[in-house]
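Encoded as structure tokens, the structure appears first; notes follow it.
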Amino acid sequence: MLADALPGVNRIRAVQQALAMRRDPVYLEIGVSKGQAFQRISADIKLAVDPAFRIPPRSRELAAAKGRVTRYFETTSDAFFENETALLEQHRIDVALIDGLHTYEQVVRDVENTVRYLKDDGVIFLHDCNPPFELAGRRADSWEEFMAQQSGPLKIGIWNGDVWKAIVQLRSTRPDLLVGVLKCDQGVGFVRKGTPESTLPYTPRQIEALTYADLKADRKRLLNLKSPRYLGEFLRESVGSSRNT
Ligand SMILES: C[S@@+](CC[C@H](N)C(=O)[O-])C[C@H]1O[C@@H](n2cnc3c(N)ncnc32)[C@H](O)[C@@H]1O
């Protein structure tokens, strides 16, 4: 458990709170697995992307009951953005949850592709941005590969990968995006269009070379780490931002 985590805030509540402020919203979830989050989310249009859905029929029913239109795309996020441009141009995104492949290069691509179709006041959340210990932050290309990396009978069931580096990269390369992490639920990243309060100076090579020890020594600055209480302010400002444009 991280020091000042509020028990009430997690990725699902953050998404629900953001959607509750909007009329007939469009929701996109990248990386859905069993639908633990997707089945709980209410939105007008719900788009689910995963190359290997594990969502049981009952969860599909629950998910469908909470939306007017629910669509499943059994493909990678890269292929989804390449093939579904017409759909995305017609239905721009209000709220997205990015929780697919846990490598930072993929997460940066997922954020940048989502931003292309995000409404001006839309918001993106990302799961797994603040690994609590070194093993959880290990790099792997899949859950199976992460589990195979662990020898011995006791295996750790938390895998965040190096998603945290996506936050560092976005804060270093995108002065048009406000990016940070809520200190709860293994790190809930947040992104919206707008001027960031602070940026980072890292080059791609420096980001590649960063280690878990660097993160541990400097979490607050690298991640723009915020108390979960910041969620309310972030969402109020995102709605305010569209009124000002
Ligand atoms: C941690 S699970 C998602 C959990 C879900 N968002 C939730 O909150 O219950 C990660 C999922 O990402 C999917 N995934 C892996 N590679 C992907 C890719 N390239 N594009 C989209 N999803 C991917 C995996 O199949 C897996 O189901």
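Basis for what follows: all heavy atoms, side chains included, without hydrogens, waters or symmetry-related copies. Throughout, numbering of the chain's residues begins at 1 and tracks the sequence. First listed ligand is number 1; within each ligand, the first listed atom is number 1.
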Inset, instruction - Quick one: look at Glu29 and ligand 1, take heavy-atom pairs under 4.0 Å, and tell me if it's side chain, backbone, both or neither. - result: side chain
Inset, instruction - Output yes when the distance from some N or O of ligand 1 to some N or O of Gly35 is under 3.5 Å, and no in every other case. - result: no
Legend entry - Partner of Val26 by side-chain contact (heavy atoms from CB on, under 4.5 Å), out of Ile45, Leu19, Leu88: Ile45
Inset, instruction - Could you check atom 15 (C) of ligand 1 against the protein and tell me its nearest heavy-atom contact, residue, atom and distance included? - result: Leu101 N, 3.9 Å
Legend entry - Shortest protein heavy-atom distance from atom 10 (C) of ligand 1, along with the residue and atom involved: Asp99 O, 3.2 Å
Inset, instruction - Around atom 20 (N) of ligand 1, find the nearest protein heavy atom and jot down its residue, atom name and distance. - result: Ser77 N, 3.0 Å
Legend entry - Proximity of Val32 to ligand 1 by residue part, where a heavy atom lies under 4.0 Å: backbone
Inset, instruction - Please write down residue, atom name and distance for the protein heavy atom closest to atom 19 (N) of ligand 1. - result: Thr76 CB, 3.7 Å
Inset, instruction - On the 0 to 90° scale, with breaks at 30° and 60°, tag the Tyr72-Phe53 ring pair as parallel, tilted or perpendicular. - result: perpendicular
Inset, instruction - Tell me, yes or no, whether the heavy-atom count around Gln150 atom CD, taken from other residues, nucleotides or ligands under 6.0 Å, exceeds 12. - result: yes
Legend entry - Within 6.0 Å of CD in Glu82, more than 12 heavy atoms from elsewhere: no
Inset, instruction - Report the nearest protein non-hydrogen atom to atom 27 (O) of ligand 1: residue, atom name, distance rounded to 0.1 Å. - result: Asp50 OD2, 2.7 Å
Inset, instruction - Using a strict 4.0 Å cut-off to heavy atoms of Ser33, name the atoms of ligand 1 that fall inside it. - result: 2 (S), 3 (C), 27 (O)
Inset, instruction - Around atom 9 (O) of ligand 1, find the nearest protein heavy atom and jot down its residue, atom name and distance. - result: Gln36 CB, 3.2 Å
Legend entry - Residue that, paired with Asp44, satisfies side chain to side chain donor-acceptor pair (under 3.5 Å) out of Arg68, Arg22, Arg23: Arg68
Inset, instruction - Identify the residue among Leu170, Ile167, Val179, Leu118 that makes a side-chain contact (heavy atoms from CB on, under 4.5 Å) with Val111. - result: Leu170
Inset, instruction - Before signing off on this row, confirm whether Thr75 and ligand 1 have an N or O atom pair separated by under 3.5 Å. - result: no
Inset, instruction - Scan Leu215, Asp214, Leu210 and name whichever one has a side-chain contact (heavy atoms from CB on, under 4.5 Å) with Tyr212. - result: Leu215
Inset, instruction - Report the part of Lys34 in contact with ligand 1, treating N, CA, C, O as backbone and CB onward as side chain, heavy atoms under 4.0 Å; options are side chain, backbone, both, neither. - result: neither
Inset, instruction - Taking only heavy atoms of Ala37 into account, list the atoms of ligand 1 that are under 4.0 Å away from them. - result: 7 (C), 8 (O), 9 (O)
Legend entry - Member of Trp164, Trp159, Trp143 meeting the ring pair (Phe, Tyr, Trp, His ring centres under 6.0 Å) criterion with His102: Trp159
Legend entry - Pair Gln16-Arg13, side-chain donor/acceptor within less than 3.5 Å: no
Legend entry - Heavy-atom gap Arg54 to ligand 1 smaller than 4.0 Å: no
Inset, instruction - Just need the protein heavy atom nearest to atom 8 (O) of ligand 1, so name the residue and atom and give the distance. - result: Arg11 NE, 2.8 Å
Legend entry - Closest approach of any protein heavy atom to atom 22 (N) of ligand 1, naming residue and atom: Pro51 CD, 3.2 Å
Legend entry - Basic-acidic side-chain contact under 4.0 Å: Glu233, Lys226: no
